[in-house]
Colleague: 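This is the structure I want to talk about, given as structure tokens.
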Amino acid sequence: MRLEDAPALPPPSNTVGFRGWLLKNLFSSVWDSLLTLVFGLFILWALLNMVNWAVINATWTGENRDACIWEGAGACWPFVVAKFPQWIYGFYPGDQRWRISVCLIVGAIALAAMLVPAVPFKKWNAIFLLFFYPQLTIVLLSGGNFSFDATTYAAIIFLIIVSIAARQLSDHVAIPISCGWGIVFAAMLVVMLTLDFDFGLAPVETRQWGGLTLTLVISVSGIVASLPLGILLALGRQSNMPVVRHISVIFIEFWRGVPLITVLFMSSVMLPLFLPEDVSFDKLLRAMIGTIIVSSAYMAEVVRGGLQAIPKGQFEAARALGLSYWQMVGKIILPQALRISTPNIVSIFIGLFKDTTLVSIIGLFDLLGIVEAGFADPEWASPNSSSTGYFSAAVIFWIVCIAMSRYSIYIERRLATGYKR
Amino acid sequence: MKVRIILQLLSIVVGAAAAVPANAGTLDVVKAKGFIQCGVAPGLIGFAFPDGTNNWSGLEVDFCRALASAIFNDPQKVKFIPLSAKERFTALQSGEVDLLSRSTTWTMSRDTALGLRFAGTFYYDGQGLMVKKSLGVDSALKLDGATVCTLTGTTNELNISDYFKANSMKYQVVAFEKDAEARKAYDEERCDVLTNDQSSLYAARLQFQNPDESLVLPEIISKEPLGPVVRQGDDGWFDVVKWTYFALLNAEELGVTSKNVEEMRSTNNPEILRLLGTKNADGSAAGFGTGIGLSEDWVVQILRNVGNYGEIFERNVGLDTPLKIARGKNALWKDGGLQYAPPIR
């Protein structure tokens, strides 16, 4: 009688290693093998063609279109090299481009420090990114020196005084709220003073902004503004107060029902007709407000999905502990709801980033718009210029979007402590 | 960002009260703000495009530069506002631009119902036909039985059918959705003829493997007069724009160019002296420039900075440029073209 198990035999050689993987996943039946072959060949064919066009037959150096015109020529890279600064900086005056570079570099460093969990000082970094960095960007990009007039200052100071007075005079007014408003208005006053200060920078109008800079300005402001607005709208839609609820529902349903392209078009073409003549309203600002409104409506619905996934018991338990509404929302509901909605929120961010290309219909040159404008340069009009330009624009968009998407997956894994499947 | 928007909104609302008084003429407004706002096409080869150093150039861009030279003696005092085809008229009506110099066809409905004024035909465009030289065709009338590449649902498609019917020739249409598709089909010899507005044909030719193998036939089968447009109801500004265009033509006709304008000021030809605003024999001012609210040597300023019509044409789209467009219908009337300007007197 055997007292021990027989020694385990090695698995059959055709189930292990690379060969085993191939047999299991790609050639497990005749039908699978056929599909593998057909699609494999197709992918190979497409890849070969692309490499052929983009690398092997490509033109790498040249002064103008003549370099890119020869029998069987592929991608025209000198066109990209010649136009690249314009793709990044738009029509920004050449000697002022350092201002954009500073914004991009400072923003990239601060954002990287914010996104990598190991880096300390998160709170200060957040304050910098959300309060100081936007001011830095506005002053550097536009040149600052906005010259607000006395009435505006008077209005702000009046609001600060009212907020403080309300706190002093009445015990009934909830103190944190009125105090909070005082701080908000004081911060606005600081921002106004900063923007009004003459730093000696040459003014650059928004119509000279373009390229990747403009794409980032529109999409980042849209992303940063739409999340808080969307959260507020989602909470409003769930509110017990009928007025708040109805306003939120109407806002969301109206703006979600209108295509972004229509909103942009209305803001660019129709709005000037309603305003008195001679009142010009910055075109970029109009486009930014349009994207923010539309994306916050979408954001509200995504956040509402997260809110509805929270069991009712969580709300009731929070109430039973004596938390106020905002404490309940801030400490218990939102952290869970936002974690659940992270993938969809990032989808909206990515969608928003790509939707910025729509601004080209109102004559703003985003990245894609400026790439297309470059095709009209007779110096560079060649059979392959436009395909090379579109290809490069696609690569730039893809890099940004894939970065957002990978980071969101990383964050989901980090946060999914109790949910991971 | 949110804060910024609120602030800008505030400043805009407050600033609106102190805006320029209404009903001021466009010329006065332009002089007060110190630059012209010129609506241009957002990238059209040879007509308007931003070059590598962020400068706008092109035929239609140069018209705005000529206008700026006439008013400010500085061709850089123009802000170019790229406008899509859809928003161009509203941008003009709402005052976002002072004039359109943006490949806009002069038609009756635009001239009358839309409240616009066309200051002239800066470029006579029209639908043309392009063929491969190897076809051995030198006239559109020899195209019996040809296959024609065109765009679906455009007037081009209707025009070509009218033209072939009128000349009782047979043809076959291959219609495409997009410009680039039609161009590619022609380049791959799926059709004998590519039809579009002539200026677009010249631009399309640049994107072929061998541009010199193709030929734009001389026939124009539709009228597409393109020119600068201003708002209706401001005759002073209309005059300035219109006579800037006429001055460019008159200068070419009289042989005054950017190079010889200084010498020409001391010529004996009274027509040139009137054009250049030289003082009359008795010392009194000629008064043509001041009559429309400009300086006496407004034409000298235009010519010095931008040149005459012929120079603008040759520099942007002429035979020495990659586009290689011949003057054709855009030659002066005395050379058999259509460009004709009333005299300055």
Side-chain angles (χ1 to χ4, degrees), chain A residues 65 69 71 73 82-83 86 91-94 134 138 146 148-149 151-152 155 187-188 191-192 195 205 207 220-221 224-225 228 265 268-270 272-273 275-283 285 288-289 292 360-363 365 369-370 372-379 381-383 385-386, chain B residues 1-12 14-22 24 29 39 41-54 56-58 79-84 86-88 90-91 93-96 180 187 203 206-211 316-317 321-323:
Chain A
R65 63 189 290 272
I69 299 180
E71 202 53 46
K83 295 282 174 190
Q86 202 172 46
F91 303 125
Y92 218 77
I138 296 167
F146 274 65
F148 301 106
D149 50 32
T151 336
T152 325
M188 277 176 72
V191 172
M192 281 174 64
L195 298 188
E205 286 175 291
R207 78 170 106 264
V220 171
S221 62
V224 171
F265 210 67
S268 152
V269 172
M270 302 305 287
L273 290 181
L275 291 170
E277 219 175 310
D278 303 321
V279 178
S280 76
F281 197 143
D282 192 278
K283 206 171 180 178
L285 186 67
M288 277 165 61
I289 294 174
I292 288 172
S360 57
I361 65 143
I362 56 168
F365 286 100
I370 209 145
E372 283 180 332
F375 301 159
D377 186 346
E379 278 283 291
S382 78
S385 298
S386 52
Chain B
M1 282 300 165
K2 210 172 118 189
V3 174
R4 174 197 174 186
I5 287 154
I6 294 168
L7 286 177
Q8 288 215 346
L9 273 174
L10 272 178
S11 65
I12 284 155
V14 177
V20 186
V29 176
L44 186 62
I45 297 185
F47 286 77
F49 63 92
D51 71 7
T53 52
N54 286 344
W56 283 84
S57 40
K79 294 206 170 141
F80 292 103
I81 300 171
L83 295 170
S84 66
K86 293 177 198 118
E87 61 172 355
R88 53 185 164 180
T90 351
Q93 284 153 351
S94 66
E96 205 174 322
D187 203 22
L206 273 187
Q207 305 186 18
F208 291 152
Q209 202 62 253
N210 295 306
N316 291 299
V317 297
T321 65
L323 276 168

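All chains are named by letter (A, B, ...) in the order of the sequence lines, taking the proteins before the strands, and each is independently numbered beginning at 1.
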Colleague: Determine the option with the most heavy-atom pairs under 4.5 angstrom with chain A, choosing from B/Leu323, B/Leu44, B/Asn210.
Modeller: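 Option with the greatest count: B/Leu44.
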Colleague: Give the member of B/Ser57, B/Pro322, B/Gly58, B/Gly46 that has the highest number of heavy-atom pairs under 4.5 Å with chain A.
Modeller: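 Top count of heavy-atom pairs under 4.5 Å with chain A: B/Pro322.
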Colleague: For B/Asp187, is it the side chain, the backbone, both, or neither that has a heavy atom closer than 4.5 Å to a heavy atom of chain A?
Modeller: neither
Colleague: Find the distance between CZ (B/Phe80) and CZ (A/Phe91) and round it off to the nearest 0.5 Å.
Modeller: 11.5 Å
Colleague: Nearest 0.5 Å, what's the CZ-CD distance between A/Arg65 and B/Gln207?
Modeller: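 With rounding to 0.5 Å, CZ (A/Arg65) is 9.0 Å from CD (B/Gln207).
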Colleague: Under a 4.5 Å heavy-atom cut-off, does chain B meet the side chain of A/Ala82, its backbone, both or neither?
Modeller: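 For A/Ala82, no heavy atom lies under 4.5 Å from chain B.
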Colleague: Please classify the contact between A/Phe265 and chain B as side chain, backbone, both or neither, with a heavy-atom cut-off of under 4.5 Å.
Modeller: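 The side chain, not the backbone.
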Colleague: Counting only non-hydrogen atoms closer than 4.5 Å, does A/Ile362 touch chain B with its backbone (N, CA, C, O), its side chain (CB onward), both, or neither?
Modeller: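 Both parts, backbone and side chain.
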Colleague: Only pairs of heavy atoms separated by less than 4.5 Å count here; which of B/Ala203, B/Pro211, B/Gly43, B/Pro82 has the most with chain A?
Modeller: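 Maximum pair count with chain A is reached by B/Pro82.
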Colleague: So how far is it from A/Ile361 CD1 to B/Leu83 CG, rounded to the nearest 0.5 Å?
Modeller: 12.5 Å
Colleague: Starting at CZ of A/Phe375, measure out to CG of B/Leu206 and round the result to the nearest 0.5 Å.
Modeller: 14.0 Å
Colleague: Rounded to the nearest 0.5 Å, what's the gap from NZ on A/Lys283 to CD1 on B/Ile81? Could you check?
Modeller: 7.0 Å
Colleague: Sort A/Glu372 into side chain, backbone, both or neither according to what part of it lies under 4.5 angstrom from a heavy atom of chain B.
Modeller: neither
Colleague: Please name the pair of heavy atoms, one in B/Phe49 and one in A/Ala376, separated by the smallest distance, quoted to 0.1 Å.
Modeller: CG-O, 3.4 Å
